[in-house]
Peer 1: 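Here it is: the structure, laid out below.
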Amino acid sequence: MVNKCETAIVEWIRSAFSTAFGVEYDWEWLQVVPATDRKFGDFQCNDAMQAARTLRMAPRAIAERVTDALPRPEMLESVEVAGAGFINMTVNKEWLTEQLQEIAATDNFGIPNAGQGRTVIIDYSSPNVAKPMHIGHIRSTVIGCAVDRIYRALGYNVIADNHLGDWGTQFGILIMGYRHCLSEDERGNLSVELLERAYVESYNKTKDDESWLDACRAELVKLQRGDPENQAVWKRFIDISINEFDRIYRRLDVHFDLYRGESYYHEMLEETVRLLQEKSLAEVSEGALVVKLEDEALPLCIVRKSDGGFNYTTTDIATVRSRVEEFNPEKIIYVTDERQQLHFKQFFAVCRKLGYETCLEHLWFGLMRLPEGTFSTRQGNVIKLEALLDEAVSRALAIIENGERDIPVEERRALAEAIGIGAIKYADLSHDPQTMIVFTWEKALALEGNSGPYLQYAYARICSLLDKHAEQFGALDPLSGSVLLDSAVERELALKLMQFPGTVLRAAESYKPSVLAEYLFTLAQLYSRFYQSSPVLRSDEGLRKSRVKLCAMVATVLRDGLHLLGIRTPSRI
RNA sequence: GCUCCUGUAGCUCAGUUGGAUAGAGCAUCGGAUUUCUAAUCCGGCGGUCGCAGGUUCGAGCCCUGCCAGGAGCGCCA
């Protein structure tokens, strides 16, 4: 538990239980949670009901004995037993103010340093070389980026690795397409789009031209044997692809520490398989080398095809070996879609059999689909990622230009980028990763209600307020004076702010950035309510200073929180 | 056939791991701007939490069985 208030209160509750019923019981399991309804107070403990069985007493009697066992601590304004045996607590206002002040004085608003000295590798995005990124890549990229940032904020040593699809049978076809389906001019000005076209044309020829197919195979073999010419064009495909991916990653504020594609590991495959054989984990079946996983209640998996070639399972195992040897990570997180669940279960099981103790996590997410069905290249309804971003930005730009706000022309483009892309990211991140997303332009680019721009707007309004305050009253010393929490909204805001560190931790542990998104939305909602009802600059000095401080804290949490989601926070909208 | 996921308001989704009268956004209807940004706020309407049992003081959440949808299940990744 990271919420300072909860931590302090649960300590008191534990000592109250052990005073009332004796230290011979273990009271560590007792919990304090935020009250389910404001009318019950600020926090509640529901565990008198749980304890009823072991203590063989009525829950209400237990709760009463507990609350009478110790004098009420100063931090609590009131402690009451209610209903079936709930212990409801209201915290003392001054104490709450102090707690808030302490957290606000830290440089990261109390986010715990839970990952100190711990390394975690996050494997996400992973597009295929020579194919444009499309809408199917957005979830891995955006969710992976958010998890990456959240883990870094918690102090983990994060290695973000983009495991590109840069190796495989498609390169024979592609090399033929490149040499024979493109003009000299096109080869000179190569782009991912041209590569895609070359691939498609070449692939179509393989279907009705046997000799073409043979030629493709021959080029692939040459490439795999290290033929200098083929190696050179292949490397060029990769360079051009990464260059274009980076253009998108820059717009999305995504950064990788490593770009190690499948090819990086292909020299290690032979040895990986030998290791499996040495440990008697693999056996031949129908000409292929397989690992049986019956003891894990999983189907067997193939680590070498009957033609002698290796497949993705082999590459993935070799990747773990390489990563463990080089970085010795405590954990590796893979961010891919749900269809690969079985594959990951299998290859995780093989890694365990090989003795790797690294925690392997598969963060899977639901597929994105259209209302009428899945995206498919064949139906030609695939939306390219860049087109999606452009559309979002142009919609945001239209709103800026029709608005009454006087935004300088030179700022508009950058603002539209921040808002449009923020909208797309938030639309994704605000959902539990494991739910399937039905894509509609309307939802992906929502600018009102529970949306990215709603949060950005709340933040920009605070910035504007703080600017005006500085103009009229001079700079604010964030550490001087206390925050008065006299109104219900302000008190709720304070309690909500206290939840930030714990929420970040919970988002990390559950691999759900949506936990953080949800929190930020309710915080912004509370703030908007506060803003509507509570004058700041027009209040008397004491109240004004207090409210400005509270606003500044909300701004800090909104800004930090949105940055953890990879969403920009313009100070003016 | 087997495995995994999902089913909550007209639509899209939350529900802090079993707590008190199930919450938001969108849509719809009605209100708020001489006031710090109306991309906002306030209010109304809207529910047999897929169905049926079970566990317990207490179930949207846990167990069993059905129903419906999605995904996967030996040489693609």
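Reminder, nothing fancy here: chain letters follow the sequence lines and each chain counts from 1.
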Peer 1: Would you measure the distance from the C1' atom in B/U28 across to the matching atom in B/U55 and give it in whole Å?
Peer 2: 42 Å

Peer 1: Contact class for A/Ala460 (heavy atom, under 4.0 Å): base, sugar-phosphate, or nothing?
Peer 2: base

Peer 1: Please evaluate residues A/His362 and A/Phe347 with respect to the criterion ring pair (Phe, Tyr, Trp, His ring centres under 6.0 Å), reporting the C-alpha separation (whole Å), side-chain torsions for both, the decisive distance (0.1 Å), and the verdict.
Peer 2: CA-CA 11 Å; A/His362 182 210; A/Phe347 115 75; 9.3 Å; no

Peer 1: List for me each residue that meets ring-ring contact (aromatic ring centres under 6.0 Å, His included) alongside A/Phe530, sequence neighbours excluded, and say none if there are none.
Peer 2: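 Residues passing ring-ring contact (aromatic ring centres under 6.0 Å, His included) with A/Phe530: A/Tyr527.
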
Peer 1: Tell me: CG of A/Leu447 to P of B/A38, nearest whole Å?
Peer 2: 17 Å

Peer 1: Between B/G53 and B/C11, how far apart are the C1' atoms? Round to whole Å, please.
Peer 2: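 Each nucleotide's C1' atom is 32 Å from the other's.
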
Peer 1: For a quick check, tell me whether the side chain of A/Tyr457 and the base of B/A39 share a donor-acceptor pair closer than 3.5 Å.
Peer 2: no

Peer 1: Whole angstrom is fine here: how far is it from CD in A/Glu262 over to C1' in B/C76?
Peer 2: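 A/Glu262 atom CD is separated from B/C76 atom C1' by 11 Å.
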
Peer 1: Classify the side chain of A/Asn88 versus the base of B/A20 as yes if they form a donor-acceptor pair under 3.5 Å and no if they do not.
Peer 2: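 It does, because a donor-acceptor pair links the side chain of A/Asn88 to the base of B/A20 below 3.5 Å.
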
Peer 1: Output the rounded distance in Å from CG (A/Leu466) to P (B/U37).
Peer 2: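 After rounding, the gap between these two atoms is 11 Å.
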
Peer 1: On a whole-Å scale, what distance lies between the C1' atoms belonging to B/A22 and B/C13?
Peer 2: 14 Å

Peer 1: State, with a plain yes or no, whether a side-chain heavy atom of A/Val350 is found less than 4.5 Å away from one of A/Leu293.
Peer 2: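 Touching, per the 4.5 Å side-chain cut-off.
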
Peer 1: Among residues at least two apart in sequence or on other chains, which ones pass side-chain hydrogen bond (donor to acceptor under 3.5 Å, both in side chains) with A/Arg395?
Peer 2: A/Glu391

Peer 1: Measure from the side-chain heavy atoms of A/Phe86 and tell me the nearest of B/G74, B/A20, B/U37.
Peer 2: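 Output: B/A20.
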
Peer 1: What residue pairs, at least two apart or across chains, pass ring-ring contact (aromatic ring centres under 6.0 Å, His included) with a residue in residues 451-471 of chain A?
Peer 2: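 Listed by first then second residue: A/Tyr454-A/Phe521, A/His469-A/Phe473.
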
Peer 1: Just confirming the chi classification of B/U17, syn or anti, using 90° around 0 as the syn window.
Peer 2: syn

Peer 1: Would you tell me whether A/Asp316 and A/Thr319 have side-chain atoms, one donor and one acceptor, within less than 3.5 Å of each other?
Peer 2: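 No.
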
Peer 1: What pairs meet the salt bridge (Lys or Arg N to Asp or Glu O under 4.0 Å) rule with one or both residues in residues 439-463 of chain A, with sequence neighbours excluded?
Peer 2: none

Peer 1: As a test of your reading of the structure, name each stem of RNA chain B as range with range, where a stem is three or more consecutive Watson-Crick or G-U pairs at under 3.5 Å.
Peer 2: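 If one scans RNA chain B for consecutive Watson-Crick or G-U pairs, the stems found are B:1-7 with B:67-73, B:10-13 with B:23-26, B:28-32 with B:40-44, B:50-54 with B:62-66.
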
Peer 1: For nucleotides B/A24 and B/G44, find the distance between their P atoms and express it as a whole number of Å.
Peer 2: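 Pairwise P distance, B/A24 against B/G44, rounds to 10 Å.
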
Peer 1: For every nucleotide of nucleotides 23-36 of chain B, 5' to 3': is a protein heavy atom under 4.0 Å from its base (B), only from its sugar-phosphate (S), or from neither (-)?
Peer 2: -SSS--------BB

Peer 1: Just checking, any donor-acceptor pair under 3.5 angstrom between side chains of A/Asp166 and A/Ser263?
Peer 2: yes

Peer 1: List for me each residue that meets ring-ring contact (aromatic ring centres under 6.0 Å, His included) alongside A/Phe40, sequence neighbours excluded, and say none if there are none.
Peer 2: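 Here no residue qualifies.
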
Peer 1: Please give the distance between the C1' atoms of B/G23 and B/G69 as a whole number of Å.
Peer 2: 25 Å

Peer 1: For A/Arg369 and B/G70, is the shortest distance between a side-chain N/O and OP1 or OP2 below 4.0 Å?
Peer 2: no

Peer 1: Quote, to the nearest angstrom, the C1' distance that separates B/U33 from B/G70.
Peer 2: 48 Å

Peer 1: Base, sugar-phosphate or nothing for A/Ile462? Non-hydrogen atoms, less than 4.0 Å.
Peer 2: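 Answer is nothing: A/Ile462 stays at 4.0 Å or more from every strand.
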
Peer 1: Between atom CG in A/Leu415 and atom P in B/A39, what is the gap in whole Å?
Peer 2: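 Those two atoms, CG and P, are 13 Å apart.
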
Peer 1: Of all the choices, B/G72, B/U17, B/C75, which nucleotide is nearest to the side chain of A/Ser306 once you look at every atom?
Peer 2: B/C75

Peer 1: Tell me which pairs pass side-chain hydrogen bond (donor to acceptor under 3.5 Å, both in side chains) where either residue lies in residues 422-431 of chain A, with sequence neighbours left out.
Peer 2: A/Arg139-A/Asp428, A/Tyr426-A/Asn450

Peer 1: Suppose we screen for salt bridge (Lys or Arg N to Asp or Glu O under 4.0 Å). Which residues come up paired with A/Arg260, at least two apart in sequence or across chains?
Peer 2: A/Glu326

Peer 1: Run the numbers on A/Lys345 and A/Glu296 for salt bridge (Lys or Arg N to Asp or Glu O under 4.0 Å), then give the verdict.
Peer 2: CA-CA 9 Å; A/Lys345 278 184 192 164; A/Glu296 307 259 359; over 6 Å; no

Peer 1: Of all the choices, B/U40, B/G74, B/G58, which nucleotide is nearest to the side chain of A/Gln50 once you look at every atom?
Peer 2: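 For the A/Gln50 side chain, the nearest candidate turns out to be B/G58.
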
Peer 1: The side chain of A/Gln434 is closest to which nucleotide in this list: B/G74, B/G18, B/C5?
Peer 2: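 Closest of the options to the side chain of A/Gln434: B/C5.
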
Peer 1: Identify whether any heavy atom of A/Gln499 sits under 4.0 Å from a base atom; if not, whether one sits that close to sugar-phosphate; answer base, sugar-phosphate or nothing.
Peer 2: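 Contact class for A/Gln499: none.
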
Peer 1: Counting only side-chain N and O atoms of A/Lys305, is one of them less than 4.0 Å from OP1 or OP2 of B/C76?
Peer 2: yes

Peer 1: Given the P atoms of B/G60 and B/A9, what is the spacing between them in whole Å?
Peer 2: 15 Å

Peer 1: Within the 4.0 Å heavy-atom criterion, would you say A/Ile573 contacts the bases, only the backbone, or no part of the nucleic acid?
Peer 2: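 Base, at least one base heavy atom under 4.0 Å.
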
Peer 1: I'd like to check the ring-ring contact (aromatic ring centres under 6.0 Å, His included) partners of A/Phe365; sequence neighbours left out, ordered by chain and number.
Peer 2: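 Not a single residue meets the ring-ring contact (aromatic ring centres under 6.0 Å, His included) criterion with A/Phe365.
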
Peer 1: Just how far, in rounded Å, is P of B/G18 from CD of A/Gln44?
Peer 2: 15 Å

Peer 1: What string of B, S and - do you get for nucleotides 10-16 of chain B, 5' to 3', if B is base contact, S is sugar-phosphate-only contact and - is no contact with any protein heavy atom under 4.0 Å?
Peer 2: --SSS-S

Peer 1: Grab the CG-C1' distance between A/Leu526 and B/C41 for me, whole Å please.
Peer 2: 13 Å

Peer 1: Whole angstrom is fine here: how far is it from CH2 in A/Trp364 over to C1' in B/G70?
Peer 2: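 Nearest whole value for this atom pair: 10 Å.
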
Peer 1: For RNA chain B, whose closest nucleotide is more 5', that of A/Pro59 or that of A/Trp167?
Peer 2: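 Closest to the 5' end, via its nearest nucleotide, is A/Pro59.
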
Peer 1: State whether A/Arg572 places a side-chain N or O below 4.0 Å from either non-bridging phosphate oxygen (OP1 or OP2) of B/U37.
Peer 2: no

Peer 1: Could you work out the separation of B/A39 and B/C45 based on their P atoms and round it to a whole Å?
Peer 2: 27 Å

Peer 1: B/C4 P sits how many Å from A/Leu342 CG, rounded?
Peer 2: 11 Å

Peer 1: Taking any heavy-atom pair under 4.0 Å as a contact, classify A/Asn46: base, sugar-phosphate, or nothing.
Peer 2: base

Peer 1: Would you mind telling me which of B/C41, B/A71, B/C57 lies closest to the side-chain atoms of A/Ser528?
Peer 2: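 Among the listed nucleotides, the one closest to the side chain of A/Ser528 is B/C41.
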
Peer 1: Would you mind reporting whether A/Arg559 and A/Thr556 have side-chain heavy atoms less than 4.5 Å apart?
Peer 2: yes

Peer 1: Of the candidate nucleotides B/C75, B/U21, B/A39, which contains the atom at the shortest distance from the side chain of A/Lys39?
Peer 2: B/U21

Peer 1: Residues two or more places apart in sequence or in another chain: which of them pass ring-ring contact (aromatic ring centres under 6.0 Å, His included) with A/Tyr264?
Peer 2: none

Peer 1: Between A/Leu367 and A/Ala84, which has a closest nucleotide on RNA chain B that is more 5'?
Peer 2: A/Ala84

